[in-house]
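Heads up: the structure comes next, in structure tokens.
Just the heavy atoms: all of them, side chains too, but no hydrogens, waters or symmetry mates, feed the values below. Numbers for residues simply follow the sequence, beginning at 1.
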Amino acid sequence: MFSWTSMIAQMVFLGLILLFFFSLYRFVKGIVDRSKVSNDTLRRLEQKMDTLIDQQNDQRK
């Protein structure tokens, strides 16, 4: 026998599983993207600090 309620329940369950994995993927992707931005910002700050230190050393000479 074919049961519509059983089929609908399975479809809803499958949809929830897919939604879970999609949400997990988006969460991890967001963390990785923010990490890349943080690394770029850190690199720029290091360059600026190196420039300031070089300028300070030049002024002392």
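- Look at Arg44 and Asp40 and you find no salt bridge, because none of the NZ, NE, NH1 or NH2 atoms lies under 4.0 Å from a carboxylate O.
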Walk me through it: do Leu16 and Phe20 pass the test side chain to side chain contact (heavy atoms under 4.5 Å, CB included)? CA-CA 6 Å; Leu16 289 174; Phe20 170 76; over 6 Å; no
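- Under the 4.5 Å side-chain criterion, counting only non-hydrogen atoms from C-beta, Phe27 is in contact with Ile31.
- Between Met7 atom CE and Gln10 atom CD the span is 9.0 Å, to the nearest 0.5 Å.
- Separation of atoms CG (Leu24) and CG (Leu19) is listed at 11.0 Å; rounding is to 0.5 Å.
- Trp4 and Phe13 fall into different hydrophobic clusters, where Ile, Leu, Val, Met, Phe, Trp and Tyr side chains are chained together by heavy-atom contacts under 4.5 Å.
- Rounding to the nearest 0.5 angstrom, the gap separating the CZ atom in Arg34 from the OG1 atom in Thr41 is 13.0 Å.
- Crowding of Met49 atom CE: a count of heavy atoms from other residues, nucleotides or ligands under 6.0 Å not exceeding 12.
- Annotation: the span from Asp50 atom CG to Leu45 atom CG amounts to 11.0 Å, rounded to 0.5 Å.
- For the atom pair CD of Gln47 and CG of Leu42, the computed distance is 11.0 Å after rounding to the nearest 0.5 Å.
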